[in-house]
Amino acid sequence: MKKVVVLSGAGISKESGLKTFRDDDGMWRKYRFEELATPGAWMRNRDLVLEFYNMRRQQLLVVEPNDAHQALVDLEKKYDVRIITQNVDDLHERAGSTNILHLHGELRKARSTVDPSLVYDIEGWELKAGDCCEKGSQLRPHVVWFGESVDNIGPAAEISRQADLFLIIGTSLAVYPAAGLVHYVPEKSPKYLIDPTASFTGTVPNLNIIRENAAKGVPELVRQLLDED
Ligand code: APR
């Protein structure tokens, strides 16, 4: 089976009702990430950070995957689909995709602050001060903050190297190392960037830009790929 590798960002979840980060109505337009998504923010104002992720988790519990997530599940009928996502939501999982690698963590999980190997599912939406790991330390969101290492980038690069097709969906490609993955993809492999306001100016060989919303552009592309013999 041909390998399709997907790099998804916040744009794929926008039509499910989750905000992106850098759109005009994005989260980093309303909040300062330095106060919410850095180790320093956690040290300075742990309760505000917990509240920020609790608010996002509450939203996640009331939204559903959209046609773009579903189309990527359909693609598995004919291709070996590997999803590398920058998103911390679980919409790819809930749509039914079977091979997902989170680069920036998972909103519905918590992690020990003394032993990062201790990771727990969060039941419901709330992670509170006083919620502790089995070693008695405060739990934190299992999310990669600015300035922290992206531990899954090695496996993600290896997956990208093997791509026969590479789909980039709903990401501004503003954040490294995730944005650099496209350069691991073999030159000859066709790449598709699906984003209504794609402004990517990099020099990537064999790149096809589809200026559509994900919920329209991804199902259309998947239909083409499934029709190909
Ligand atoms: N369909 C597809 N793409 C869309 C849609 C849509 N309906 N709406 C917006 N977009 C595009 C925007 O044009 C933009 O290029 O989605 C992209 C969202 O970009 P960002 O808000 O920067 O989100 P993302 O690229 O996922 O951010 C990367 O930055 O803040 C960190 O860790 C955070 O994982 C995140 C990382």
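Start at 1 and go down the list; that is how both ligands and their atoms are numbered.
The protein heavy atom nearest to atom 7 (N) of ligand 1 is Glu15 OE1, 2.9 Å. Of all protein heavy atoms, the one closest to atom 15 (O) of ligand 1 is Asp195 OD2, 2.6 Å. Looking from atom 9 (C) of ligand 1 to the surrounding protein, the closest heavy atom is Asp23 OD2, 3.2 Å. For atom 35 (C) of ligand 1, the closest non-hydrogen atom on the protein side is Phe21 CE1, 3.6 Å. Scanning all protein heavy atoms for the shortest distance to atom 36 (C) of ligand 1 gives Val175 CG2, 3.8 Å. Among protein heavy atoms, the minimum distance from atom 10 (N) of ligand 1 is reached at Gly11 CA, 3.8 Å. At the top of the distance list for atom 8 (N) of ligand 1, counting protein heavy atoms only, stands Lys14 CD, 3.4 Å. Nearest protein heavy-atom neighbour of atom 18 (C) of ligand 1: Gly170 O, 3.8 Å.
Every atom of ligand 1 is numbered from 1 in the order shown, and the set under 4.0 Å from a heavy atom of Gly9 is 26 (O). The ligand atoms of ligand 1 that sit less than 4.0 angstrom from a heavy atom of His104 are 32 (O), 34 (O), 35 (C). Atoms of ligand 1 lying under 4.0 Å from at least one heavy atom of Thr20, given by number and element, are 21 (O). Atoms of ligand 1 found under 4.0 Å from any heavy atom of Thr197, numbered from 1 in the order shown, are 13 (O).
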Would you check, one step at a time, whether the test side chain to side chain contact (heavy atoms under 4.5 Å, CB included) holds for Val88 with Val144?
CA-CA 9 Å; Val88 294; Val144 178; over 6 Å; no
One pair to check against side chain to side chain contact (heavy atoms under 4.5 Å, CB included): Trp42 and Gln138. What are the steps and the verdict?
CA-CA 11 Å; Trp42 177 255; Gln138 172 66 46; 3.8 Å; yes
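There is a side-chain donor-acceptor pair under 3.5 Å between Asp74 and Gln70. Side-chain atoms of Gln224 and Glu220 form no donor-acceptor pair, as typed in the model, at a separation below 3.5 Å. No donor-acceptor contact under 3.5 angstrom links the side chains of Asp115 and Ser112, judged on distance only.
Within a 6.0 Å radius of CE in Met43, no more than 12 heavy atoms belonging to other residues, nucleotides or ligands are found. For Tyr184, the OH atom is loosely surrounded, since the number of other residues' heavy atoms within 6.0 Å does not exceed 12.
Using the six-membered ring where Trp is involved, Tyr31 and Phe52 have ring planes that are perpendicular, over 60° apart on the 30 and 60° scheme. Using the six-membered ring where Trp is involved, His92 and His69 have ring planes that are perpendicular, over 60° apart on the 30 and 60° scheme.
Considering both main-chain and side-chain atoms, Ala10 comes within under 3.5 Å of ligand 1 through a nitrogen or oxygen pair. Every N/O-N/O distance between Asn87 and ligand 1 stays at or above 3.5 Å. Looking at ligand 1, you won't find any N or O of Phe146 less than 3.5 Å from one of its N or O atoms. Remark: ligand 1 and Ala214 share an N or O pair separated by less than 3.5 Å (distance only, no angle test). Taking distance alone, with nitrogen or oxygen atoms compared against 3.5 Å, Glu212 stays at or beyond that limit from ligand 1.
Under the rule for a side chain to side chain donor-acceptor pair (under 3.5 Å), Lys128 has no partner lying at least two apart in sequence or in another chain.
Ion pairing between a basic and an acidic side chain is recognised when a charged N comes within 4.0 Å of a carboxylate O; Lys14 and Asp25 show such pairing.
Proximity of Gln86 to ligand 1, defined as any heavy-atom pair under 4.0 Å, is shared by backbone and side chain alike. Counting heavy atoms under 4.0 Å from ligand 1, residue Arg22 touches it through both backbone and side chain. With a 4.0 Å heavy-atom cut-off, ligand 1 is reached by the backbone of Thr171 and by its side chain too. Neither the backbone nor the side chain of Ala174 comes within 4.0 Å of ligand 1, counting heavy atoms alone.
A 4.5 Å side-chain heavy-atom check between Val204 and His183 finds at least one atom pair inside the cut-off.
Nearest to atom 30 (O) of ligand 1 by heavy atom, out of Trp28, Phe33, Tyr176, is Trp28.
With Arg56 as the partner, the side-chain contact (heavy atoms from CB on, under 4.5 Å) test is satisfied by one option alone out of Val143, Asp89, Leu107: Leu107.
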